[in-house]
Every structure is written in C-alpha cells, then in structure tokens.
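Some notes on the structure that comes next.
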Amino acid sequence: MSTSLRADLHCHSTMSDGTLTPEELATRAHGRGVALWALTDHDEVAGQQRAAHAAARLGIDYLTGVEVSVTFADTTVHIVGLGFDADNAALVQGLATTRGGRDERGREMAAQLDAAGIHGAYEGAMRYAGNPALLARPHFARYIVEQGVCADVSEVFRKYLTRGKPGYVPHRWAQLSDAVRWITEAGGIAVIAHPGRYPFTANEEYALFTDFKAHGGQGVEVVTGSHTPAEYATYADMAREFDLLASTGSDFHSPDESHADLGSLPPLPPGLTPVWEPLAHRIRHAH
Ligand code: AMP
Ligand code: MN
Ligand code: MN
Ligand code: MN
C-alpha cells in the first residue's frame with residue numbers, strides 16, 4: 001500500500017462531537033471513495049465495533065481509532081491512536097478517566113454562559129450530545145446557534161468558547177506520556193494530531209515532538225483538514241526530521257460544519273512512510 005491510498009484516519013461520530021452515526025460516516029466515506037478508514041472519537045472507543053462492522057459491510061478496510069485529549073505545556077494537544085486493541089483494559093480505563101471531568105466542566109461552562117446572558121446551556125448542550133459522557137464544546141456551540149445568539153458554530157467558538165472568552169473553562173486532560181503508553185501498549189501507533197493548530201512557539205513545538213518521541217510516539221498528521229497546503233510541507237519536513245510515520249485524515253465532524261469532507265484531502269507527500277504500512281497486520285480487511 002502506497003502513500004496514494006485513499007485513506008481517511010480522523011473523523012468524529014455521535015459517540016463524541018460529530019453529528020453522524022458511525023454507520024452514516026461509513027456510508028459517506030464509502031460514497032466518497034475512502035479505501036482505508038478510522039473513526040477517531042474524542043476520548044472514546046464505544047463506536048469502534050459499529051464502525052468496523054459498517055466498514056466491512058461496505059467493503060472498506062478499517063483501523064481502530066481514537067483521539068485522546070492531552071494537556072502539554074498548559075495547552076490542549078490531541079493524540080490520535082490507530083490500530084490498537086479497543087478492548088485493552090488499560091486503554092479503556094485511561095480513556096474513562098480522561099472523559100471524567102467533562103460533565104463538571106460543562107456545568108461550569110453553562111454557569112459562565114448564564115452570566116453572559118445565555119441560559120439553559122447545560123441542558124441545551126446535552127440535547128446535542130449523542131454520548132452524555134462526552135459533552136464537548138461543539139454541543140454547546142450548536143445550542144448557542146439554535147438560540148439565535150450566533151450565526152454558526154465557528155462564530156460561537158470565536159466569541160464564547162476559546163481561551164479568554166466568557167464560556168471557556170480551562171481543563172486538565174491526560175498526560176502526554178500516558179496517552180502514548182495507552183495506545184502503544186494496546187498494540188497501536190500514537191500520532192500527533194493536527195500539529196499546525198497549536199499556538200506553540202518553535203521551541204515549544206520542538207519540545208512536543210521530542211517528548212512525544214521519547215514516550216514512544218511514532219506518527220504525525222501531515223495532511224489534515226486543519227492544515228493549509230503550506231503546512232502539509234512543513235509537517236512533512238517534521239516527519240522526516242523526527243523520523244515519524246505520516247498520517248492523514250479530514251477531521252470531519254458534520255456536513256454543516258466541517259470544511260474538509262471525508263476522503264477529500266490530497267495524498268500524502270511522496271517520500272514519507274504512511275502510518276498504515278507498519279499497521280498492515282492490524283487492518284481489518286473487508287471481503
Ligand atoms: P472539547 O474537547 O470539548 O474541548 O472540544 C474540542 C472540539 O471543539 C474540537 O475537537 C473541535 O471539534 C471543536 N473546536 C475547537 N476549536 C474550534 C473552533 N475554533 N471552531 C470550531 N470548532 C472548534
Ligand atoms: Mn472535535
Ligand atoms: Mn483534534
Ligand atoms: Mn478530531
């Protein structure tokens with residue numbers, strides 16, 4: 001399998017903050033020509049069986065996936081895991097712990113939004129959460145759009161849900177070392193998600209890549225819906241410099257909100273080793 005394989009190894013279902021079910025995502029991926037797919041819900045593997053079954057039914061190859069929320073240098077960083085055993089006890093327990101503070105954070109967010117004049121946000125966001133254990137900012141954003149306060153989700157993030165804004169509550173997620181260990185000890189490969197999106201200085205970014213490698217991390221997203229084409233080149237260089245496997249994924253959440261659709265991104269730049277090469281034995285092949 002080469003870098004030109006149509007792979008999409010990053011997206012979200014109703015098990016986290018996406019708006020489509022695992023089955024609907026599989027159908028959409030299939031319809032858009034995806035040949036190798038992974039569902040990567042935030043801090044949650046409850047959708048993995050459904051995704052794998054739907055993929056098999058449609059004739060798409062499948063890798064297990066997850067996107068773990070991590071706090072590194074006081075910043076939220078996302079680590080994608082691919083090709084792990086989704087029943088691994090330490091991984092399942094680690095993800096449950098990572099999910100743990102979300103409900104409390106959601107109540108605090110609602111209290112702050114209430115003070116800013118947006119009422120009923122906890123209950124309102126919960127109505128959008130397909131998985132109550134995974135209450136996330138996009139659920140709040142959808143409720144606030146529904147209330148007519150903002151025109152779209154990205155305006156809500158800009159005005160309410162990002163650092164320094166009235167509905168933003170800082171949160172401690174998992175440690176980088178733990179996230180990488182849960183994934184790798186479950187037989188998978190850990191991947192730095194959308195590195196171009198973090199507000200790091202060059203030194204901080206270098207520290208992230210160095211620490212990630214030291215903990216056993218092996219991959220980086222080069223092509224993602226969060227990167228510009230210039231960033232594809234930047235992180236292709238970083239993959240070579242740090243000897244990391246290259247991954248690709250749309251980070252699709254919703255037909256109404258996501259700029260990159262499933263299977264819509266260009267192939268990985270040549271000269272990189274795609275993350276699915278060493279994961280060949282973990283791919284669930286469709287018949
Ligand atoms: P949470 O894990 O609850 O902090 O929510 C993080 C999620 O919010 C991300 O995975 C994205 O889906 C979404 N998100 C973060 N920043 C933005 C933004 N600026 N605009 C739209 N969605 C965003
Ligand atoms: Mn998300
Ligand atoms: Mn992410
Ligand atoms: Mn994501």
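Ligands are counted one by one from 1 in listed order, and the atoms in each one are counted from 1 as well. Here the structure is a predicted model, which is why all the values come from computation and not from measurement.
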Notebook entry, point to check: From His12, does some N, O or S atom reach closer than 2.8 Å to the Mn ion (ligand 2)?
Noted result: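 Looking at His12, which is the residue asked about, there is no N, O or S atom under 2.8 Å from the Mn ion (ligand 2).
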Side chains of [X] and [Y], donor plus acceptor under 3.5 Å:
{"X": "Tyr122", "Y": "Asp103", "value": "yes"}
{"X": "Asp178", "Y": "His215", "value": "no"}
{"X": "Gln93", "Y": "Thr97", "value": "yes"}
{"X": "Thr224", "Y": "Asp251", "value": "no"}

Notebook entry, point to check: Could Asp74 and Arg172 be called an ion pair, given the rule that one side-chain N must be under 4.0 Å from one carboxylate O?
Noted result: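 Looking at Asp74 and Arg172, the cut-off is met.
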Item checked: Given Arg99, Arg102, Met15, the one that forms side-chain contact (heavy atoms from CB on, under 4.5 Å) with His42 ->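 That would be Arg102; it is the only one of Arg99, Arg102, Met15 passing the side-chain contact (heavy atoms from CB on, under 4.5 Å) with His42.
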Note to self: To make sure I understand the geometry: which N, O or S atom in Asp17 is closest to the Mn ion (ligand 2)?
What the structure shows: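 Checking each N, O and S atom of Asp17, the shortest distance to the Mn ion (ligand 2) belongs to OD2.
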Show the atom names and distances, to 0.1 Å, of all donor-acceptor pairs under 3.5 Å that link a side chain in residues 240-247 to residues at least two apart or in another chain.
unit_1: Arg240; atom_1: NH1; unit_2: Asp237; atom_2: OD1; d: 3.0
unit_1: Arg240; atom_1: NH2; unit_2: Pro270; atom_2: O; d: 3.4

Checklist line | If only protein N, O or S atoms under 2.8 Å count, total around the Mn ion (ligand 3) | finding: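 Of the protein's nitrogen, oxygen and sulfur atoms, 3 lie under 2.8 Å from the Mn ion (ligand 3).
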